[in-house]
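Convention: sequence-line order gives letters A, B, ...; per-chain numbering from 1.
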Amino acid sequence: MRRSSLLLLLAAFVAITATPFTARAQIKMQIIGPGSHLSPIAVSALKNLGGDDRHGVSSEFDSILSHDLELSGYFRLISPKAFIEDAQTSGYDLGQFNFADWRSINADFLVKGAVKIDGNQVQLTALLFDVAQQRRMMGKSFTGQLSEVPRMARRFADALLKATTGIEGPFDSRLAFVSTRGGRFKEIYLQSIDGHGLFRLTDNPTINLFPAFDRRHEVLYLSYKTMMPALYLANPATRREVRIVSTRGKMVGGAISPDGHLIAAAIEHAGATNLFLLDRGGQELRRLTDTNGINVSPAFSSDGRMLAFTSDRSGTPQIYVMSVAGGGARRVTYKGNYNTTPAFSPDGKFIAYESRDGGHFDVWIVGVDGSDPINLTHGVGSSQYPAWSPDGRYIAFSSTRNGNSHIYLLQVATQTVISALTEGNGNDSCPAWSWWLGD
Amino acid sequence: MIPVPRGRGGWEIRTNGVLRFAALILVCAAFAASGCSSSVKKTPGLGAGAGAGAGMGESNLGNKGSLAQFKKGELGAGEGGPLSDIHFAFNQYTIEPQDDSVLKANAQWLEAHPNTNVQVEGHCDERGSEEYNIALGAKRAQSAKDYLVTLGIAPSRISTISYGKELPLCTEHTEECWARNRRDHFVVSQ
């Protein structure tokens, strides 16, 4: 009797997790592998303290929090169908509910909370419990507008990761990418990491490429919107932007420093593409490279002091690093004969890049001193254009593993591709991952 | 290795990269009397106003750039213009021997039409990073410009632009398609 009810429970669990949302099914299938351990976590509904009678805010908060926890690669969400307790009749803080109800469904962790809504104003409290220890680990209270509930969920997910892993989660941030979803033209879009709040930054029927964030959450990108390539520094909040061109030649690409003060621009003249340091208005400060070949894909380190870039000075495209202050460039990659698109890890210790192997590309990381290159994507489709999360545990990259190119999330430590971050028609490429949005 | 008609009177050898040069030699041999270049490319001056020095005919001499064509959904539809494309090996920007005659014919046409300017567009195949390919396309465009200048065309008449891998003529993931996309395209204006 006991065994059969457990089986029924398992069957219900499998049916629920596999059917409603394919991205979640993917997470389940791909995360579980050798060496990975997923902690079972229960995210209980928020107790309605007034104004959330249809539990709309509770559902939105729980859904985004659950999705972010799955994307983190650390947790397995226990289906709410398995929950014994009724969140609306029991309490939400220590001493107001029974841990046995959660231990019996094998939850390691439990999220409970409450919400009160007055007009457009939301007061929301969420708490994290260690079920085995019967202990409160962390709590957050939020006040804000109804439209800010998704960010409350992401900030709680980030704090939950800090409480359980020691490092703040990366979800209160933004993803920028290039997409042809609107037709045949490449336009730049922004969205949350968990796929909400799609925002179209560019709307010109030409070519828009290489979005890059500074920590003010401005976006630098390259566009052919005037039929000639130029860089643009856009503020998504105001939709204002500055056009950046150079009398030296044509813009090929660029990066903006974390503080937003400097731009490293790849500028082509007479066939040679070199890097130049500009101020944010486009005034040239210094030449950074001087070869007759190709120097592209500049990327600032997190402290703004170093630049990684791609150069063909050795005869093949390889990754180099140099000091923004000047001085020589040092070659980082020696394995492979086509290595491009570098990105510094936030701690400055690693560089992620794409490397060609025959007809396809993989995302690799290498020590900034050139040590221990590691293939993270193992030849499934073509994987390109790595972008680190602000906490340094994840890389967003573009991949053709399921046909069209989409943006995927990779957990670096386990070399596990967790989930697609974009979907739908069109091809998505050139991801950029912003710093935390902050207060 | 079948020569297939492309555009207005244009011919292109469709085969894989290895056989391409051999095929070209065969075609050259077959058409030795009339010259190799005319058999593998469009006849210079096709279209209105061929040979006319000035006047109404010349208003039709130009052709639209690839980005303008792309905006209208016409890219790859066969509107090639009076000058012929040249092609490159993967990740290379040196002029291939078989394109020597194409560039000479292009230079002759430009000499015969001194009131025109040309923009050389560099293009790449889909492989590799977007940014590296824009720089590579710029190298390809510059290679053709430099060659045209050595053939006597004034540098002031020649501009360059790179579209990297952004404006392909075809989108199949095959060597044939990649070879077709690795090109310099020549856009004539007055």
Side-chain angles (χ1 to χ4, degrees), chain A residues 178 183-186 204-210 222 224-225 227-229 249-255 266-274 292-298 309-312 315-317 337-342 353-354 356 358-361 382 384-385 398 400 405 427 429-430, chain B residues 64-76 90-95 119-147 149 155 158-168 171 173-175 177-178 184 187 189:
Chain A
V178 169
R184 63 186 182 281
F185 303 107
K186 286 189 171 177
N204 60 78
T206 58
I207 306 162
N208 302 279
L209 294 166
F210 317 135
L222 182 83
Y224 284 72
K225 67 174 89 173
M227 306 302 277
M228 289 298 284
K250 297 181 201 74
M251 290 294 181
V252 170
I267 303 174
E268 182 260 324
H269 173 69
T273 300
N274 279 289
N292 191 36
I294 293 173
N295 300 276
V296 289
S297 299
F309 62 100
T310 304
S311 177
D312 72 343
T316 59
N337 62 11
Y338 196 114
N339 299 317
T340 60
T341 324
Y353 60 99
E354 60 180 72
R356 176 172 174 259
H360 76 276
F361 289 77
S382 239
Q384 297 183 261
Y385 215 100
S398 68
T400 56
S405 178
N427 286 296
S429 57
C430 300
Chain B
K64 279 200 294 261
S66 293
L67 184 54
Q69 286 185 291
F70 180 62
K71 281 166 74 83
K72 288 180 173 271
E74 297 168 352
L75 186 64
F90 175 69
N91 198 25
Q92 298 298 315
Y93 49 82
T94 49
I95 305 292
Q119 182 173 59
V120 189
E121 297 178 350
H123 295 271
C124 304
D125 72 30
E126 64 174 352
R127 294 171 296 173
S129 77
E130 289 86 350
E131 193 164 338
Y132 187 83
N133 273 316
I134 292 175
L136 178 63
K139 274 284 186 191
R140 288 176 175 166
Q142 188 69 32
S143 293
K145 175 175 178 174
D146 290 346
Y147 199 96
V149 169
I158 312 168
S159 64
T160 59
I161 192 165
S162 173
Y163 294 115
K165 64 177 188 177
E166 305 306 322
L167 301 176
T171 54
H173 313 297
T174 61
E175 181 52 49
C177 176
W178 291 333
D184 274 347
V187 180
S189 61

**Message:** Working to the nearest 0.5 angstrom, can you tell me the gap between R356(A) CZ and Y132(B) OH?
**Reply:** 11.0 Å

**Message:** When you compare the side chain of V178(A) with that of E130(B), does any pair of heavy atoms fall below 4.5 Å?
**Reply:** no

**Request:** Could you tell me which portion of Q142(B) (side chain, backbone, both or neither) has an atom closer than 4.5 angstrom to a non-hydrogen atom of chain A?
**Result:** side chain

**Item:** Heavy-atom pair count under 4.5 Å with chain A, highest-scoring of G164(B), A138(B), A141(B), S143(B)
**Value:** A138(B)

**Request:** Let me know if R184(A) has heavy atoms under 4.5 Å from chain B in its side chain, its backbone, both or neither.
**Result:** both

**Message:** Which one wins on heavy-atom pair count under 4.5 Å against chain B: P205(A), A270(A), G253(A)?
**Reply:** A270(A)

**Item:** Heavy-atom proximity to chain B below 4.5 Å, by part of S429(A)
**Value:** side chain

**Item:** Residue among F361(A), Y385(A), Y338(A) with most heavy-atom pairs under 4.5 Å to chain B
**Value:** Y338(A)

**Fill in**
Output for pair (T310(A) OG1, E131(B) CD), nearest 0.5 Å, gives 7.5 Å

**Prompt:** Can you tell me how far the CG atom of L167(B) sits from the CD1 atom of I207(A), to the nearest 0.5 Å?
**Reply:** 4.0 Å

**Message:** If I measure from the heavy atoms of chain B, does T340(A) come under 4.5 Å with its side chain, its backbone, both, or neither?
**Reply:** side chain

**Message:** Could you measure the distance from the NZ atom of K71(B) to the OH atom of Y224(A)? Nearest 0.5 Å is fine.
**Reply:** 14.0 Å

**Item:** Test side chain to side chain contact (heavy atoms under 4.5 Å, CB included) applied to S405(A) - qualifying residues, sequence neighbours left out
**Value:** S398(A), T400(A), N427(A)

**Asked** Looking at CD1 of I134(B) and CD1 of I294(A), how far apart are the two atoms once the value is rounded to the nearest 0.5 Å?
**Response** 11.0 Å

**Message:** When you compare the side chain of I161(B) with that of M227(A), does any pair of heavy atoms fall below 4.5 Å?
**Reply:** no

**Asked** Got a sec, which residues hit side chain to side chain contact (heavy atoms under 4.5 Å, CB included) with N204(A), two or more places apart in sequence or on another chain?
**Response** E187(A), T202(A), T206(A), N208(A), S223(A), K225(A)

**Message:** Could you work out, with side-chain hydrogen bond (donor to acceptor under 3.5 Å, both in side chains) as the rule, every residue matching H269(A), not counting sequence neighbours?
**Reply:** none

**Message:** Is D146(B) in contact with chain A via its backbone, its side chain, both, or neither, using a 4.5 Å heavy-atom distance?
**Reply:** neither

**Request:** Select all residues of residues 119-129 of chain B having any heavy atom within less than 4.5 Å of some heavy atom of chain A, and report them by number, or 'none'.
**Result:** R127(B), G128(B), S129(B)

**Item:** Max heavy-atom pair count under 4.5 Å with chain B, selected residue of A266(A), A272(A), G271(A)
**Value:** G271(A)

**Asked** Shortest non-hydrogen contact from V252(A) to A135(B)?
**Response** CG1-N, 4.1 Å

